Amino acid sequence: MTRNKKILIGVGVVAVLGGIAYANFRFKRVEGVTVHTEAIQKRDLKAIVSASGKIQPKRFVNISADTSGRVTDLAVQEGERVKQGQFLLQIDPRNLRTRVQSGEASLGAARSQLEQMRLSLDSSRTALKQAEDAYRRQQNLAKGGLTTKETLERAENDLAMRKADLASQEQNLRTLQLRTEQEQATLENARTDLSKVRIESPIDGIITRRNIEQGETAVVGTMNNAGTVLLQVADMSVIEAEVEVDETDIPNVQLGQTATITVDAISGKTFTAKVTEIGNSPIQATGQASTQATNFKVTLTVEGEIPDVRPGFTCTADITTATRTQALAVPIQATTVREVVIDDKGQVVREPATQGRRPSSTAVQASELKPGQERKELEGVFVVRDGKAVFEPVKTVIVGPFASVRTLADGAAVKVEQAPRATGAPAQ
C-alpha cells in the first residue's frame with residue numbers, strides 16, 4: 001500500500017469518527033432532572049398552629065397544713081379516688097387540746113370575775129342611793145337649823161365618794177367584759193385550730209400528689225417560707241391542656257377555635273378540644289438569656305375524658321385557626337421562588353430555546369432588559385410542558401423530589417416518574 005493511500009484511509013477514518021461524534025451530540029436524548037408530578041385539585045384546607053405543653057386538671061386543690069404537728073393518721077394513697085368530705089389525714093391534736101382546755105379555764109375565770117364585779121356594782125349603786133338620801137336629809141335639817149354645818153359637809157363628801165366608787169366599778173365592769181370577750185375569742189381560735197388537725201377532701205377527685213408520710217411533721221407556711229403541701233386533689237372530670245404558642249402565631253389564635261391533642265404517653269389516640277383562654281402577657285422565662293423565645297400560654301379544654309391521664313403529661317396541640325373548603329390547592333412542596341423577568345403586562349419573559357442549551361428565564365441579563373421589563377422574584381410552581389419545566393401556575397405541578405424543585409430552572413428538561421406513596425396513604 002502506497003503512502004498516499006494510507007493518508008487517505010486515515011483521513012476517511014477520522015471523518016467517519018467525527019461524523020459519528022457529531023451525530024451523537026446532535027441527536028443525543030437529554031434525560032433531564034427526575035421529578036414527580038401531581039394534578040391540581042380542590043381540597044379542604046386548614047391553617048394549623050402547633051404547640052406543646054402539659055395536661056392539667058381544670059380544678060385542683062393543694063392541701064397544706066393550717067397548724068403544725070406530727071401526722072398521726074394518713075388514710076389515702078397517691079392515685080386513690082376520694083369523695084368530698086372524706087377523711088384524708090390527721091395531725092397530732094394533743095397540744096391543741098391543751099390550748100382549748102386552757103382557754104376554757106381562762107374564759108371561766110373571766111366570767112366569774114365579771115359576775116363578781118356585777119354584784120359589787122349593785123352594792124355600789126345601793127350605797128350611792130343611801131348617800132344621796134342622807135345628803136338630802138341633812139340639807140332639809142340644815143334649812144331648819146336642826147343640824148350642824150360639819151354634819152352636812154360629811155354627808156356631801158360621802159355622796160361624792162359613793163359616786164366615784166360607782167364610776168370606778170362601772171369601768172372595771174367594762175374592762176372585765178372586754179377581757180371575757182378576748183378569752184372567748186382565744187378559745188374559739190383554739191377550737192378552730194383543733195378542728196384543722198382533721199383534714200377532709202374539699203372536692204371529689206384523685207390524689208395526684210402525696211408529699212407527706214405518717215409520722216412526719218407538717219409545717220405551716222409563713223410570709224417568707226412556704227408551708228408543706230401535704231396532698232393534691234385533682235378533679236379529672238374536666239381536663240385542660242396548657243400549651244405555649246409562639247408570639248408570631250398568637251394573633252391567629254381565637255377563643256372557641258377547635259384543636260386536636262395528642263398525649264405522648266397515650267400513643268395512637270387524638271382528642272378534641274377548644275381554646276378557652278389566651279394569655280395576654282408572655283410567659284416569663286426563668287433564665288436571663290436574651291435569645292429566649294417569646295411564648296404565650298393558651299389553655300385548651302378537652303372535650304370528654306382522657307382515660308388513664310395524669311397531670312403533667314406532655315402533649316401536643318394542633319389548633320385550627322382557619323379553614324377553606326374545596327379550595328383549588330397546590331401542595332406546599334411544589335411551591336418555590338425564582339428570579340424572573342416580567343414585561344409591562346406582568347407576563348414572564350422567556351429566552352428562546354437554542355440548540356444544546358437549557359433555556360432559562362433568568363438568563364436575560366440586566367443590560368438586555370427591554371423597556372417595561374424588570375427582574376423580580378416570584379413565587380410559583382413548575383409545570384411539565386413538552387418534557388420541560390415551565391415556571392407558571394397551571395393545573396399540573398412538579399411536587400418533588402424536594403431537592404429537584406429547589407434547583408430546577410425554568411425551561412429545564414425533566415423526566416417524570418411515579419411519586420412514591422407514604423406508608424398507609426391512599427393512591428393518588
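In this text, all values refer to a predicted model and were calculated from it rather than measured experimentally.
- Under the 4.5 Å side-chain criterion, counting only non-hydrogen atoms from C-beta, Asp235 is not in contact with Asp204.
- Between the side chain of Glu200 and the main chain of Gln86, no donor-acceptor pair closer than 3.5 Å is present.
- With hydrogens and angles ignored, the 3.5 Å screen pairs a side-chain donor or acceptor of Ser106 with a backbone N or O of Ser102.
- Taking CD of Gln113 as the start and CG of Asn172 as the end, the distance is 10.5 Å to the nearest 0.5 Å.
- Taking both residues in full, the closest heavy atoms of Leu107 and Thr180 are given as CD1-O, 3.4 Å, listed atom of the first, atom of the second, then distance.
- Of the options Thr260, Leu300, Val263, Thr262, a side chain to side chain contact (heavy atoms under 4.5 Å, CB included) to Phe271 is made by Val263 and by none of the others.
- Residues meeting the side chain to side chain donor-acceptor pair (under 3.5 Å) test with Gln184, sequence neighbours left out: Arg111, Glu188.
- Not counting sequence neighbours, the partners of Asn62 by the side chain to side chain donor-acceptor pair (under 3.5 Å) test are Gln232.
- How far CG of Leu231 is from CD of Gln77: 10.5 Å, rounded to the nearest 0.5 Å.
- The heavy-atom pair separating Ala241 from Ile261 by the smallest distance is CB-CD1, 3.6 Å.
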When the side chains of residues 305-325 are checked against the rest of the protein, which donor-acceptor pairs come out under 3.5 Å, sequence neighbours left out?
| unit_1 | atom_1 | unit_2 | atom_2 | d |
| --- | --- | --- | --- | --- |
| Thr314 | OG1 | Lys54 | NZ | 3.2 |
| Asp318 | OD1 | Ser50 | OG | 2.6 |
| Thr321 | OG1 | Ala47 | O | 3.2 |

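- Between the side chain of Asp343 and the main chain of Gln373, no donor-acceptor pair closer than 3.5 Å is present.
- Considering only heavy atoms from C-beta on, Met236 stays 4.5 Å or farther from Phe60 through its side chain.
- Taking all atoms of both residues into account, the shortest heavy-atom contact from Glu183 to Ala110 is CG-CB, 4.1 Å.
- Under the 3.5 Å distance criterion, with hydrogens and angles disregarded, no donor-acceptor pair is assigned to the side chains of Arg125 and Ser123.
- A salt bridge links Glu104 with Arg191: at least one charged nitrogen is closer than 4.0 Å to a carboxylate oxygen.
- Annotation: the span from Asn157 atom CG to Met161 atom CE amounts to 8.5 Å, rounded to 0.5 Å.
- A donor-acceptor pair shorter than 3.5 Å cannot be found between the side chains of Thr299 and Glu242.
- Between Asp92 and Arg94, at least one side-chain N (NZ, or NE/NH1/NH2) sits under 4.0 Å from a carboxylate O, which counts as a salt bridge.
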task: Evaluate the criterion salt bridge (charged side-chain N to carboxylate O under 4.0 Å, His left out) for residue pair Arg179 and Glu181; output intermediate values, then yes/no.
output: CA-CA 5 Å; Arg179 183 178 300 171; Glu181 292 175 358; over 6 Å; no

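- When the salt bridge (Lys or Arg N to Asp or Glu O under 4.0 Å) test is applied to Glu303, no partner is found at least two apart in sequence or on another chain.
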message: Run the salt bridge (charged side-chain N to carboxylate O under 4.0 Å, His left out) test on Arg99 and Asp193 for me, step by step, so that the C-alpha distance in whole Å, both residues' side-chain angles and the decisive distance to 0.1 Å come before the verdict.
response: CA-CA 9 Å; Arg99 282 180 52 196; Asp193 290 341; 3.3 Å; yes

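- Note that CD of Gln182 is 12.5 Å distant from CG of Leu187, once rounded to the nearest 0.5 Å.
- Judged purely by atom type and a 3.5 angstrom limit, Ser195 uses its side chain to pair as donor or acceptor with the backbone of Thr192.
- More than 12 heavy-atom neighbours from other residues, nucleotides or ligands sit within 6.0 angstrom of CZ on Arg210.
- Residues Thr217 and Ile212 come closest through the heavy atom pair O-CD1, 4.3 Å.
- For Lys376, there are no side chain to side chain donor-acceptor pair (under 3.5 Å) partners, not counting sequence neighbours.
- Looking at Glu216, its side chain does come within 3.5 Å of a backbone N or O of Glu213 through a donor-acceptor pair.
- Between the side chains of Ser124 and Asp165, at least one donor N or O lies within less than 3.5 Å of an accepting N or O.
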query: Is there a salt bridge (charged side-chain N to carboxylate O under 4.0 Å, His left out) between Asp122 and Arg118 once you walk through the steps?
result: CA-CA 6 Å; Asp122 290 340; Arg118 284 172 178 165; over 6 Å; no

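- Checked against side chain to side chain donor-acceptor pair (under 3.5 Å), Thr301 has the following partners two or more places apart in sequence or in another chain: Thr276.
- Considering all non-hydrogen atoms of both residues, Val219 and Ala65 come closest at O-CB, 4.3 Å.
- In summary, the side chains of Gln326 and Arg43 do not present any donor paired with an acceptor at a separation below 3.5 Å, with no hydrogens or angles considered.
- Judged by distance alone, the side chain of Asp386 and the main-chain N or O of Lys388 form no donor-acceptor pair under 3.5 Å.
- When all heavy atoms are compared, the tightest approach of Gly279 to Phe296 is O-CD2, 3.4 Å.
- Atom CG of Asn280 has 12 or fewer heavy atoms from other residues, nucleotides or ligands within 6.0 Å.
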